[in-house]
4 protein chains.
Amino acid sequence: MRQLGRPPSDSTRKPTNERILVTAADLFLVKSYQEVSMDDVAEACNVTKATVYYYYKTKTRLYTEAMVGLMNRVRSKINYFLEEENSLYDQLVNIAEAYLHVATELDTERFMHSARNSLSDDQIKAIQKAEEAMYSGIEDAIREADEKGDIHTENPAFAVRAYIALVKIGLYHNADGESLFNDKENKAKQIVEFFWRSLEK
Amino acid sequence: MRQLGRPPSDSTRKPTNERILVTAADLFLVKSYQEVSMDDVAEACNVTKATVYYYYKTKTRLYTEAMVGLMNRVRSKINYFLEEENSLYDQLVNIAEAYLHVATELDTERFMHSARNSLSDDQIKAIQKAEEAMYSGIEDAIREADEKGDIHTENPAFAVRAYIALVKIGLYHNADGESLFNDKENKAKQIVEFFWRSLEK
Amino acid sequence: MRQLGRPPSDSTRKPTNERILVTAADLFLVKSYQEVSMDDVAEACNVTKATVYYYYKTKTRLYTEAMVGLMNRVRSKINYFLEEENSLYDQLVNIAEAYLHVATELDTERFMHSARNSLSDDQIKAIQKAEEAMYSGIEDAIREADEKGDIHTENPAFAVRAYIALVKIGLYHNADGESLFNDKENKAKQIVEFFWRSLEK
Amino acid sequence: MRQLGRPPSDSTRKPTNERILVTAADLFLVKSYQEVSMDDVAEACNVTKATVYYYYKTKTRLYTEAMVGLMNRVRSKINYFLEEENSLYDQLVNIAEAYLHVATELDTERFMHSARNSLSDDQIKAIQKAEEAMYSGIEDAIREADEKGDIHTENPAFAVRAYIALVKIGLYHNADGESLFNDKENKAKQIVEFFWRSLEK
DNA sequence: GATGAATGAGATTTCATTCAT
DNA sequence: TATGAATGAAATCTCATTCAT
């Protein structure tokens, strides 16, 4: 066991509170809010439960901050792809590809549902705002393309959600463990193609 | 006060085990697997916890049977719409409309996720099979329409999932509680229109 | 360890819930609300913590019911002494004697203080009512004696509290462990004498 | 924003250790030993918990010193009243009045009870000694009056405790929040009158 | 068929205390 | 002098499950 009291400073390591946040986010991605115990988080971080509580006063706070942090990181990645000199179509393929490579589903509906009864209204809102921010880059890009006349859509907000929902299907495996796609390499491309057809003029 | 003696047999009342199953399904729809306790189920059924255990030896069994039952009921409804003398397009609109009226999301991904770590492999498979069966009617209809040349799709299985995923977006409300659609009456129609464009030849 | 599940019935034993209540009262008499843990109660009753919670959903409920029960028992004892064919003076001596023999202080102020921040308003009131009921017999007797002209007091309610407070001093021991009374046998008599002088006409 | 650099020495401010002691005493007056956490003390003092520990190595020490300090301060006040040129009767009224104005009960029995199981024997003794010292002035005054023949009592030590106990009743409020006294202005006078009758020759 | 009684394991949270800086 | 970081131990409470009736 670790010694009691403040440990000797180690500037090479990331600060503990950040480590906890990232680790917790990882766990909450795979298991649901209720399934991840504070003990689990502590153990995964190599600290004691009390240390987790030192930084995050309640489990709901930890959850909220972990989720918001995670979504912000994803937003950065998405926006990175959107800043490349590319057609919107190609950008969407890239994002989809990246998404499908992460493999674990970033299902915000699920996040909210499993935690909704535990979180406070403010916490729910904070996560939802982060989620909307995550996708707002895509929405802007779609709106822009619509205004330029490259595509046609009457409801860009819906279009984004549609895009996200379709991409997620790429991760689906049926009861026998088979994907819906024979050609796994081109999953992303096929999905975006399907989506894109709804936007063509 | 309860009356003395054996209660007059109430033939309208469903047998206890079925009542438990349906009630449990209702609860699992709103809360996650972990959030619904056996006590909750018992209370909602007006029986004791021991009675629930009398019929269902474990919580996972109860969950599995409740979910499978629920999905079978949904399948019947879906197939009922598919049997009407209608174009596929109209049938899809009807199904979407019904779905959006139920309001609580029948999110099988979520069901599986929140319970996956608790259920046995067999139980997971049973639920997944029921889920696939739930949508197989739509898949058949799409395949048929493709063969008749009414639409074009290379991956009917994906198309069904896409349809379901898109319909679900109709239930989405953002952080401020607003729907993505201004015209709430025609949500279902708009969604199916969007979907249909991807299937047109 | 005990076996799981319902134990074989044993009609000789007092029902578990009563045993818990009485045992808890004993503990709360010696230690404060916070110092008595639910584990302590369980251990003292030879049941598990979960059993205690089976009967009393929260610690505050257990505390409230235990205290009210205790006070009711004391009330019976007091009233028993008051029903004897005796002068009020002698009755008060008897009660004081009994009180001083119990040795542990039944200090309701203390009970309330240590628990006040934990109990609900209703719970506090319930205990206070039980406390008032405990002493109401004495108050009636004093009022009666006043009306008969045996004594004189303008504030019977205060007189009771005074009586109780004075009796409690009989239990006091100073820093060196010495009582305030040399003649331990006649403590009760001396105290009541002191009290009585304030009531004489 | 806090100003940069060393703060100008604030000679009006008491040294930290004294501030902690007084603040802690305030807290322990309202809540019990167990209910006041070191965090509470730290927060109320605007220092960190570690600072509290820098001055007081354990919670029991802090408690002991805070209580002793408090009682010493009360002793000074009592003795101040006793030094005035007044009859003992009037002095007792003044003390009672002051006591009833403070409103929070200085119930040493309660203090001891709630902490007894945590404090060391020495610590308990220290507090008890301080308590006795607190009241010794009154005891001396009563003994003196007895010797002068103004009053009669066989047990001055008991008389003091009786006096204190009776005064405390002035703070009592029943379950409906009502005081025992209609004439709130003259509470102190009525109580001392009651007490005094027991001392008259 | 249905229930009341009991439990073991584990969850969240609190808190006095320690130690390097 | 004062503090931030960390911990071990314990407290309250929950819950799936078992068993005698």
Side-chain angles (χ1 to χ4, degrees), chain A residues 1-10 15-17 34-42 45-60 62 118, chain B residues 15-17 34-42 47-62 118, chain C residues 1-10 15-17 34-42 45-60 62 118, chain D residues 6 15-17 34-42 46-62 118:
Chain A
M1 266 297 147
R2 187 96 50 75
Q3 255 207 302
L4 221 80
R6 184 182 194 165
S9 76
D10 177 351
T16 307
N17 55 344
Q34 284 88 10
E35 283 173 310
V36 178
S37 76
M38 291 302 257
D39 264 316
D40 291 341
V41 175
C45 294
N46 246 326
V47 294
T48 62
K49 212 176 4 180
T51 301
V52 178
Y53 274 97
Y54 177 73
Y55 290 104
Y56 304 95
K57 268 199 185 39
T58 61
K59 191 186 177 187
T60 54
L62 172 61
S118 308
Chain B
T16 307
N17 57 342
Q34 283 88 11
E35 281 173 312
V36 178
S37 73
M38 292 300 261
D39 269 311
D40 291 340
V41 175
V47 295
T48 62
K49 204 178 6 177
T51 304
V52 179
Y53 272 96
Y54 178 74
Y55 289 106
Y56 304 95
K57 278 209 174 47
T58 63
K59 192 185 178 188
T60 52
R61 277 204 204 177
L62 171 61
S118 308
Chain C
M1 266 296 148
R2 188 94 51 74
Q3 257 207 301
L4 221 79
R6 183 182 196 167
S9 77
D10 176 353
T16 307
N17 56 344
Q34 284 87 10
E35 282 173 310
V36 177
S37 75
M38 292 302 258
D39 264 316
D40 291 341
V41 175
C45 296
N46 248 324
V47 294
T48 62
K49 211 177 7 180
T51 301
V52 179
Y53 274 98
Y54 176 73
Y55 289 106
Y56 304 95
K57 267 199 186 36
T58 63
K59 190 185 177 187
T60 55
L62 172 61
S118 307
Chain D
R6 181 177 188 176
T16 307
N17 57 343
Q34 283 88 9
E35 282 173 311
V36 177
S37 73
M38 293 300 260
D39 269 310
D40 291 340
V41 175
N46 256 325
V47 295
T48 62
K49 204 178 8 178
T51 303
V52 179
Y53 272 94
Y54 178 73
Y55 289 107
Y56 305 95
K57 279 212 174 46
T58 63
K59 191 186 178 188
T60 55
R61 277 204 203 177
L62 171 62
S118 307

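Proteins come first, then strands; the chains are lettered A, B, ... in the order of their sequence lines, and each starts at number 1. Treat the numbers as computed from the prediction; the structure is a model and nothing was measured.
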Contact list (N/O, under 3.5 angstrom) for nucleotides 9-13 of chain F vs protein:
{"unit_1": "F:dT12", "atom_1": "OP1", "unit_2": "C:K59", "atom_2": "NZ", "d": "2.7"}
{"unit_1": "F:dT12", "atom_1": "OP2", "unit_2": "C:M38", "atom_2": "N", "d": "2.9"}
{"unit_1": "F:dC13", "atom_1": "OP2", "unit_2": "C:Y53", "atom_2": "OH", "d": "3.0"}
{"unit_1": "F:dC13", "atom_1": "OP2", "unit_2": "C:K59", "atom_2": "N", "d": "3.0"}
{"unit_1": "F:dC13", "atom_1": "N4", "unit_2": "C:K49", "atom_2": "NZ", "d": "2.7"}

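Every salt bridge (charged side-chain N to carboxylate O under 4.0 Å, His left out) that B:D39 has, sequence neighbours left out, goes to B:K49. Every side chain to side chain donor-acceptor pair (under 3.5 Å) that A:T51 has, sequence neighbours left out, goes to A:T48. Evaluation of the side chain to side chain donor-acceptor pair (under 3.5 Å) rule for C:E35 yields C:S32, D:Q34 as partners, not counting sequence neighbours.
The side chain of A:T51 lies closest to F:dT7 when the candidates are E:dT7, E:dA2, F:dT7. Counting only heavy atoms from C-beta on, D:V47 has its side chain closest to F:dT3 among F:dT3, E:dT7, F:dG8.
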When the side chains of residues 52-60 of chain C are checked against the rest of the protein, which donor-acceptor pairs come out under 3.5 Å, sequence neighbours left out?
{"unit_1": "C:Y56", "atom_1": "OH", "unit_2": "C:N17", "atom_2": "O", "d": "2.9"}
{"unit_1": "C:T58", "atom_1": "OG1", "unit_2": "C:T60", "atom_2": "OG1", "d": "3.0"}
{"unit_1": "C:T58", "atom_1": "OG1", "unit_2": "C:R61", "atom_2": "N", "d": "3.1"}
{"unit_1": "C:K59", "atom_1": "NZ", "unit_2": "C:Y33", "atom_2": "O", "d": "2.8"}
{"unit_1": "C:K59", "atom_1": "NZ", "unit_2": "C:V36", "atom_2": "O", "d": "2.8"}
{"unit_1": "C:T60", "atom_1": "OG1", "unit_2": "C:Q123", "atom_2": "NE2", "d": "3.3"}

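Taken together, the paired segments of DNA chain E that extend over three or more consecutive Watson-Crick or G-U pairs, each closer than 3.5 Å at both contacts, are E:2-21 with F:2-21.
The structure places CG of C:L62 at 5.0 Å from CE of C:M38, a figure rounded to the nearest 0.5 Å.
A:N46 places its CG atom 16 Å from the C1' atom of F:dA5, with the value rounded to the nearest Å.
No engagement by A:Y56 is indicated, since no non-hydrogen atom pair under 4.0 Å with the nucleic acid exists.
Across the interface with DNA chain F, nearest-nucleotide mapping of A:Y54 and D:Y55 shows D:Y55 to be the residue nearer the 5′ end.
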